[in-house]
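Presented below is the structure to which this report refers.
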2 protein chains.
Amino acid sequence: MTIRDVAELAQVSTATVSRALSGAKPVSPAVVDQVRRAADELGYAGNGIASALRRSRTDTVGMVVPSIANPFFTGLVEHVEHALQDAGRQLFLCSSRSDPELEAQRLRSLVARQVDGIIISPVHGSLSTTAVRRAADELPLVQVDRYVTGVDSDWVGVDDDAALELVMEHLADRGVRSAAFVSSQLTNSSTELRVAGFHRHAERLGIAVREEDVLLGEYSIEWGRQAAVTLLAAGPRPDAVVCADDLIALGMLQACAAAGVDVPRDLLVTGFDDIPFAALSHPPLTTVRQPQAEIAAEAVRLLSRVLGAQEAPPSRVALRPSLTVRSSTSR
Amino acid sequence: MTIRDVAELAQVSTATVSRALSGAKPVSPAVVDQVRRAADELGYAGNGIASALRRSRTDTVGMVVPSIANPFFTGLVEHVEHALQDAGRQLFLCSSRSDPELEAQRLRSLVARQVDGIIISPVHGSLSTTAVRRAADELPLVQVDRYVTGVDSDWVGVDDDAALELVMEHLADRGVRSAAFVSSQLTNSSTELRVAGFHRHAERLGIAVREEDVLLGEYSIEWGRQAAVTLLAAGPRPDAVVCADDLIALGMLQACAAAGVDVPRDLLVTGFDDIPFAALSHPPLTTVRQPQAEIAAEAVRLLSRVLGAQEAPPSRVALRPSLTVRSSTSR
DNA sequence: TTGAAAGCGCTAACAA
DNA sequence: TTGTTAGCGCTTTCAA
């Protein structure tokens, strides 16, 4: 079942069938009708692979995220898919499962599949560099949320320093004099910026931070639980725990409840991302809201700019976050 | 940068380059070396589209799920991706956003892209039928979790009746005499089976169900909240609320807390799926655990069977669920 | 073990 | 407006 079968049945050339069905070039209405009828009759679907080879474009954008178990990334993906659809493009989604090797493999695969462009949130600030650069050399590429150093590509994300300013000022307003920070390992840009922001604003606001109260693990509920246990076992309890994402914060809240530590009476806790589940915890979580839809829209816009072959210096767009205040910080 | 460039540099034919790089056909070690060197030097990546056209296979499986915001589906996707990787295949993920039209479009797109097979959790029991059948006519196709009527394809999911048996017997053990059910509209197989199972086992166990206490909306946190408001406003409160998925149950718990209804003292609540966040609510949620990894593995196995062109009558595999008991049902 | 050559299904020049 | 024709880059006969 190919375009030739349709052409024969419709008594026209294959070129005409192609033009009639794609609607790109002028074809007389009568012939279009004739071709459509023939195609319908045969149930002709078209071969996207052959078309892609000939046109050297796939109308597909690849996206690589560290995890699809994290609602922050799935939210981002949904918005990107939406934005892409308006541009008539499809999304090819890959998860790198926070593994630089798997990520490199995914990127190679996307390049081989000739996607038109790539949107990536790289796993690691340095270990991802080579693979990201290699992909960026072949294709338009935009980084979101996190970025690797040493690749000249566009980036969109949130202003992490501004986010921690919001958090720390809010905590200072609540009378917090000492704070802990729980995060993933410092292996990527946004994590680094969050830790740096935490320290900077803590110092500025006179909030004490003990070195052993900065705990680095990974972005997961389980690590939040473990960190809570560690934190509660060690010496004097700080007034607040600032978490680098909501998964960590939710694990933290659960472990606190289990340990009989009342949040917010005994301890304030904040998160980062404002995933849908942040409103459902006990107590509901105060957290930084990321402008997900805007990040997605901007990523797609940047990519389209590059796809349109418009040369421009790489943009770095840091969008302003806001703070969603809930009971985990309201005494 | 094509295979010809590599061939020229390595002083061999394009056929030899292809054979050397794919490793499929015998090539002398010296030549392989020579070709590899040339490919590396040029940074040759290969064109998957051209290869796919020639071989008429893409080593890619498409997956279509109703939502990627629902952790149940993302969990399933992760397991499928894992299982597929072992078979050297990639996953092309699409979300139908619970829209049969969008779903039909995604399916057409996957067929056009010549994926080797499709794994789908169809949106709607009847509105999805045509699109699913059309895809199944072209390609190997396996349905997971939900299925449409009237398509002869394999299916893997959970035994919904057995699941509701577990839930209802657990509730009966807890002394429940009356129960409500909150679910999505009855537009797909598993939802129907869950409602039917609820009624059947309620009757069998002598648990009273008032008609107005069966609320149908959608699988979302928000609907869980709304249903709670409706339920709490209307007449005498039942002893328990059985929810058809965890999102609904989590919304329900939140709204109960807000309304001052103490779970489990005043009301028992159960969910379905056992997503990671079900353990973090207040109180933690009693829920049906779906054997996600097994469902995914079985789906991939069934698909591989069909891909291997082994004719077999369609299988319907209903895996046994288990019950995760937490505080939302423990007085 | 290697090379020459055909052609996967489609679309874009070019010509009519 | 339509047809003819030449490939897109690759793999796979077939022949050597």
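Chain identifiers are assigned alphabetically (A, B, ...) following the order of the sequence lines, protein sequences preceding nucleic acid strands; residue numbering begins at 1 within each chain.
The interatomic distance linking B:Asp59 (CG) with D:dC10 (P) rounds to 16 Å, in whole Å. If you take CD of A:Glu8 and C1' of D:dG3, they are 15 Å apart, rounded to a whole angstrom. Atom pair B:Arg55:CZ and D:dT13:P shows a separation of 13 Å (rounding to whole Å applied). Atom CG of A:Asp33 and atom P of D:dT1 are 16 Å apart (whole Å).
Under the side-chain hydrogen bond (donor to acceptor under 3.5 Å, both in side chains) criterion, A:Ser13 pairs with A:Thr16, sequence neighbours left out. B:His79 meets the side-chain hydrogen bond (donor to acceptor under 3.5 Å, both in side chains) test with no other residue; sequence neighbours excluded. Qualifying salt bridge (charged side-chain N to carboxylate O under 4.0 Å, His left out) partners for A:Arg36, counting only residues two or more places apart in sequence or in other chains: none. By the ring pair (Phe, Tyr, Trp, His ring centres under 6.0 Å) test, A:Phe73 is found to be paired with no residue, residues two or more places apart in sequence or in another chain being considered. For A:Gln34, there are no side-chain hydrogen bond (donor to acceptor under 3.5 Å, both in side chains) partners, not counting sequence neighbours. With sequence neighbours excluded, the residues that form a side-chain hydrogen bond (donor to acceptor under 3.5 Å, both in side chains) with B:Glu81 are A:Arg106.
Residues from residues 35-46 of chain B with heavy atoms under 4.0 angstrom of DNA chain D, sorted by number: B:Tyr44, B:Gly46. Only B:Val12, B:Ser13, B:Ala15, B:Thr16, B:Arg19, listed by number, bring a heavy atom of residues 11-22 of chain B to less than 4.0 angstrom from any atom of DNA chain C.
Interface limits on DNA chain C: the 5'-most and 3'-most nucleotides within less than 4.0 Å of chain B heavy atoms are C:dT1 to C:dG9.
Residue pairs meeting the ring pair (Phe, Tyr, Trp, His ring centres under 6.0 Å) criterion with at least one partner in residues 5-35 of chain B, sequence neighbours excluded, do not occur; the list is empty. Counting only residues at least two apart or on different chains, the ring pair (Phe, Tyr, Trp, His ring centres under 6.0 Å) pairs with a member in residues 136-155 of chain B are B:Tyr147-B:Trp155.
At the heavy-atom level, B:Ser51 lies under 4.0 Å from the strands shown only through sugar-phosphate atoms. A:Ser28 comes within 4.0 angstrom of the backbone, heavy atoms only, and of no base.
In this structure, A:Arg54 and A:Val31 both approach DNA chain D, and ranking their closest nucleotides by distance from the 5' end singles out A:Val31.
The pair A:Asp137-A:Arg133 does not meet the salt-bridge criterion, since no charged nitrogen lies less than 4.0 angstrom from a carboxylate oxygen. Between B:Asp116 and B:Arg89 there is a salt bridge, since at least one side-chain N of the basic residue sits less than 4.0 Å from a carboxylate O of the acidic one.
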Distance-only donor-acceptor hits, side chain of residues 290-302 of chain B, under 3.5 Å, sequence neighbours excluded:
unit_1   : atom_1 : unit_2   : atom_2 : d
B:Gln290 : NE2    : B:Asp273 : OD1    : 2.9
B:Gln292 : NE2    : B:Phe72  : O      : 2.7
B:Glu298 : OE1    : B:Arg301 : NE     : 3.3
B:Glu298 : OE2    : B:Arg301 : NH2    : 2.9

